[in-house]
Amino acid sequence: MKNLHNIIFCLIPLTSNYALASGDEKPSDLNFLGNVSLTSDYRWRGQTQTKNDPALQGNFILSHASGFYVSAFASNVDFGDEAHLEMDPQIGYTAPITLGTIHPAVDLGMLRYNYIGDSDLNYNEYYFKMIFNTLLHQNDSFTPSISYTNNYGGKATSDTMGKDISNWYFNVLYATPIAQTDFGANASLGYSKANHEIYGSEPEEHFFDWKIGATYRYTPMGINAELAAIGSNLKTKDFTEGNKKGVKTTAVFTLTKSF
């Protein structure tokens, strides 16, 4: 992460908060949700965070009936430096709104990217999402989101570039079950835009990332399996073979146990 021309930043958007707007039942005053995942490669915005190696991850959220929630994400990481553990706290608020005949939920909050062992990488990111459930058919979801930070990559990036780097991230995510089965599909497209050329071997200020996945839920054990193609269009001319693999499209397999 210290070489901005070969940058592979380590962050992940938390997804547990989608559950706050997905159920029809009346929530209790406090509700706790969580999951533990084993994935073949920790990818964030198309880029590996573990040098293409597996990761063990946890995602936990405590929500209140008012719409406020706090959550935390944890994962092993590998950047070839002192940081080997990521622990990201998050605070936010979600509420239903009405747009004509459509009733989405809004979700806004702040996420702190926190790396144990190298605090120079830490920084805050602010986000706004709209969650549309049952948009095209029953049980599907469509989530456009915008994230912003004025200190991308933390002090490490500021020191390298000689100034703070701001970054916008735009993403659209669609997920749907497949007929009346335990199978599903999802797809997302993201766009990162910084105020300085920091991305790729031939530095640019922007790049795209994508994901296309298929899922299977084994309901009796509460286990979800996903096989996804994840990648980006980052330039890789001067990358090592490992770094090229870490940003190009590859298959990622993930098992998640919810509780």
Side-chain angles (χ1 to χ4, degrees), residues 9-37 44-45 57-75 86-115 121-136 138-154 164 166-176 186-194 209 211 224 256 258-259:
F9 278 125
C10 154
L11 311 170
I12 193 168
L14 302 186
T15 57
S16 292
N17 49 300
Y18 298 153
L20 293 170
S22 63
D24 293 329
E25 68 279 3
K26 182 179 179 180
S28 60
D29 285 346
L30 285 175
N31 189 31
F32 179 76
L33 298 171
N35 61 61
V36 177
S37 298
W44 173 79
R45 297 178 186 174
Q57 303 174 335
N59 202 5
F60 310 95
I61 181 167
L62 180 65
S63 62
H64 188 265
S66 63
F68 287 98
Y69 62 88
V70 293
S71 66
F73 169 82
S75 177
E86 176 184 356
M87 297 184 67
D88 302 339
Q90 180 179 359
I91 184 170
Y93 175 76
T94 185
I97 62 172
T98 298
L99 297 176
T101 59
I102 303 175
H103 304 279
V106 296
D107 181 10
L108 66 161
M110 182 186 77
L111 172 64
R112 174 71 173 178
Y113 296 115
N114 189 59
Y115 303 97
L121 303 176
N122 300 349
Y123 68 95
N124 298 333
E125 188 172 71
Y126 308 90
Y127 60 88
F128 175 80
K129 306 174 185 178
M130 294 190 71
I131 306 164
F132 298 85
N133 289 317
T134 314
L135 184 64
L136 300 180
Q138 187 174 9
N139 296 325
D140 72 348
S141 65
F142 175 68
T143 308
S145 62
I146 301 174
S147 302
Y148 172 77
T149 179
N150 61 353
N151 190 26
Y152 191 60
D164 291 345
S166 62
N167 188 82
W168 290 90
Y169 181 67
F170 305 90
N171 182 270
V172 290
L173 167 66
Y174 181 74
T176 180
N186 58 68
S188 70
L189 178 65
Y191 175 71
S192 295
K193 179 69 172 67
D209 68 90
K211 173 183 174 180
N224 190 75
T256 301
S258 300
F259 53 87

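The figures that follow rest on heavy atoms only: side chains count, while hydrogens, waters and symmetry mates do not. In this chain, numbering begins with 1 at the start of the sequence shown.
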> Would you say Phe170 and Ser145 make side-chain contact, with heavy atoms under 4.5 Å?
Replying inline: no
>> Determine whether a donor-acceptor pair (N or O, by modelled atom type, separation under 3.5 Å) exists between the side chain of Thr256 and the backbone of Ser37.
In response: no
>> To check you understand the geometry: which heavy-atom pair defines the closest contact between Asp140 and Leu135, and what is its length?
In response: OD1-N, 2.7 Å
>> So does Asn124 get a backbone contact from the side chain of Thr149, meaning a donor-acceptor N/O pair under 3.5 Å?
In response: yes
>> Side chains of Tyr169 and Asn167 only: does a donor on one sit below 3.5 Å from an acceptor on the other?
In response: no
>> Would you compute the distance between atom CG of Asn59 and atom CD of Gln90 and round it to the nearest 0.5 angstrom?
In response: 8.0 Å
> Which pair of heavy atoms, one from Ser141 and one from Tyr174, lies closest together, and at what distance?
Replying inline: O-CD1, 3.2 Å
> Yes or no on ring pair (Phe, Tyr, Trp, His ring centres under 6.0 Å) for Phe68 and Tyr93, after CA distance, side-chain angles and deciding distance?
Replying inline: CA-CA 4 Å; Phe68 287 98; Tyr93 175 76; 4.7 Å; yes
>> Please report the interatomic distance OH(Tyr113) to CE(Met87), rounded to the nearest 0.5 Å.
In response: 16.0 Å
>> My understanding is that only one of Thr143, Thr98, Ile97, Asn133 makes a side-chain contact (heavy atoms from CB on, under 4.5 Å) with Pro104; could you say which?
In response: Ile97
> Are Tyr123 and Tyr152 close enough, and set up right, to give a ring pair (Phe, Tyr, Trp, His ring centres under 6.0 Å), and what steps lead you there?
Replying inline: CA-CA 7 Å; Tyr123 68 95; Tyr152 191 60; 5.7 Å; yes
>> Contact between Ile131 and Asp107 at the side-chain level, heavy atoms closer than 4.5 Å - yes or no?
In response: yes
> Hey, mind stepping through Ser166 and Tyr148 against side-chain contact (heavy atoms from CB on, under 4.5 Å) and telling me if it holds?
Replying inline: CA-CA 7 Å; Ser166 62; Tyr148 172 77; 3.6 Å; yes
> Looking at CD1 of Ile102 and CZ of Phe132, how far apart are the two atoms once the value is rounded to the nearest 0.5 Å?
Replying inline: 6.5 Å
>> Could you check whether Asn114 and Asp88, counting side-chain N and O atoms only, form a donor-acceptor pair closer than 3.5 Å?
In response: no
> Can you name the nearest heavy-atom pair linking His103 to Gly100, along with the distance?
Replying inline: CE1-O, 4.3 Å
> Atom OG in Ser258, atom CG in Asn35: separation rounded to 0.5 Å?
Replying inline: 5.0 Å
> Going by heavy atoms in the side chains, are Ser63 and Asn31 under 4.5 Å from each other?
Replying inline: yes
> Just checking, Lys129 and Tyr127: is the charged tip under 6.0 Å from the six-membered ring centre and within 45° of the axis?
Replying inline: yes
>> Rounded at 0.5 Å granularity, tell me how far OG1 in Thr176 sits from CG in Leu136.
In response: 8.0 Å
> Is there a side-chain contact (heavy atoms from CB on, under 4.5 Å) between Gln57 and Phe73 once you walk through the steps?
Replying inline: CA-CA 7 Å; Gln57 303 174 335; Phe73 169 82; 3.9 Å; yes
> Between atom CG of Leu33 and atom CG of Leu62, what is the distance when rounded to the nearest 0.5 Å?
Replying inline: 9.0 Å
>> Assess whether a salt bridge exists between Glu86 and Arg112, defined as any Lys/Arg side-chain N lying under 4.0 Å from an Asp/Glu carboxylate O.
In response: no
> Of all heavy-atom pairs between Ser188 and Leu173, which one has the smallest distance, and what is that distance?
Replying inline: CB-CD1, 3.9 Å
> What are the two closest heavy atoms between Thr94 and Val106, and how far apart are they?
Replying inline: OG1-O, 2.9 Å
>> With a 4.5 Å cut-off on side-chain heavy atoms, are Met130 and Leu99 touching?
In response: yes
>> Ignoring hydrogens, what is the shortest heavy-atom contact between Arg45 and Ser192? Give both atom names and the distance.
In response: CD-OG, 4.3 Å
